[in-house]
Amino acid sequence: AQSVSQHNHHVILSEAASLELGCNYSYGGTVNLFWYVQYPGQHLQLLLKYFSGDPLVKGIKGFEAEFIKSKFSFNLRKPSVQWSDTAEYFCAVNPSGAGSYQLTFGKGTKLSVIP
Amino acid sequence: DTAVSQTPKYLVTQMGNDKSIKCEQNLGHDTMYWYKQDSKKFLKIMFSYNNKELIINETVPNRFSPKSPDKAHLNLHINSLELGDSAVYFCASSRQGGGTGELFFGEGSRLTVL
């Protein structure tokens with residue numbers, strides 16, 4: 001079975017700082033990779049996803065993530081964060097073709113952006 | 001229109017009681033899920049239904065019983081509630097679980113057991 005680890009439990013940044021949240025997964029085959037975001041008091045929503053092709057994927061609100069296969073990583077980045085990016089960020093993975101019911105989430109990283 | 005809606009949003013109850021949470025999706029999806037998010041924000045899948053059939057049943061106590069009357073609805077009934085059941089329960093849906101992994105979540109139902 002696959003697993004996901006997110007290295008940072010809580011990240012605190014000032015507005016305009018650059019962001020990088022780490023995500024590593026373990027699985028022997030090909031995978032689909034996702035970042036979900038949960039704003040305070042709200043439901044999770046998809047930020048971006050990688051299935052195949054260009055390993056640099058762009059998502060909503062200026063976020064991007066890079067899949068580095070050799071490192072089993074899918075780190076999330078944003079050049080300049082805003083206060084409104086304060087949220088919990090979850091990395092998720094499922095084996096390619098396995099179906100959404102095999103989606104495994106990491107434990108999440110809380111991002112606090114200080115105005 | 002809310003794509004995935006859950007009721008109630010908040011539920012406070014005593015230990016030993018029985019409670020239900022309802023979920024409905026209007027996305028035309030075939031697959032629905034229940035996830036539990038604990039106080040540390042860890043998300044864990046509990047159940048998955050595909051076209052009203054149970055696909056995934058993770059290690060969840062028998063006190064939890066999902067019911068899917070049709071593919072647009074997936075309800076969760078919990079018997080004999082315990083303190084450890086306090087959590088946020090998220091319903092989600094996806095297209096036929098054939099591999100994208102993109103889930104659409106409801107807004108969650110916060111259950112507090114006293």
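In what follows, chains are A, B, ... by sequence order, proteins preceding strands, each numbered from 1.
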Side-chain heavy atoms nearer than 4.5 Å, only ILVMFWY residues, links allowed to pass through others: does that put [X] and [Y] together?
{"X": "Leu33(A)", "Y": "Leu46(A)", "answer": "no"}
{"X": "Ile21(B)", "Y": "Leu83(B)", "answer": "yes"}
{"X": "Leu111(A)", "Y": "Val4(A)", "answer": "yes"}
{"X": "Leu21(A)", "Y": "Tyr50(A)", "answer": "yes"}
{"X": "Leu56(A)", "Y": "Val31(A)", "answer": "no"}

Item checked: From Gln38(A) atom CD to Leu43(B) atom CG, the distance as rounded to the nearest 0.5 Å ->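 It is 7.0 Å, given to the nearest 0.5 Å.
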
**OP:** Evaluate the side chain to side chain contact (heavy atoms under 4.5 Å, CB included) criterion for residues Tyr36(A) and Leu103(B): first the C-alpha distance (whole Å), next the side-chain angles of each, then the deciding distance (0.1 Å), finally the verdict.
**Re:** CA-CA 9 Å; Tyr36(A) 281 83; Leu103(B) 300 179; 3.7 Å; yes

Evaluation steps, side chain to side chain contact (heavy atoms under 4.5 Å, CB included), between Lys110(A) and Lys41(B) = CA-CA 9 Å; Lys110(A) 182 177 180 178; Lys41(B) 299 284 189 178; over 6 Å; no

- Task: For Asn62(B), look at atom CG and say whether over 12 heavy atoms of other residues, nucleotides or ligands are found less than 6.0 Å away.
- Result: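 At most 12 heavy atoms, drawn from other residues, nucleotides or ligands, come within 6.0 Å of this atom.
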
Exercise. Apply the test side chain to side chain contact (heavy atoms under 4.5 Å, CB included) to residues Phe105(A) and Gln37(B): give CA-CA distance (whole Å), side-chain angles for both, the deciding distance (0.1 Å), then the verdict.
Key: CA-CA 11 Å; Phe105(A) 285 87; Gln37(B) 187 179 47; over 6 Å; no

Structural part of Lys44(B) lying under 4.5 Å from a heavy atom of chain A:
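Contact with chain A: none, neither part.
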
Looking only at heavy atoms, which two atoms of Glu107(B) and His43(A) are closest? And how far apart?
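Closest pair (atom of Glu107(B), atom of His43(A), distance): CA-CB, 3.6 Å.
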
Q: Among Phe90(B), Tyr35(B), Phe104(B), find the one that has a side chain to side chain contact (heavy atoms under 4.5 Å, CB included) with Leu44(A).
A: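 Going through the options one by one, the only one that passes is Phe90(B).
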
* To do: Against chain B, label Gln45(A) side chain, backbone, both or neither, depending on which of its atoms sit under 4.5 Å from a heavy atom there.
  =>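 Neither part.
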
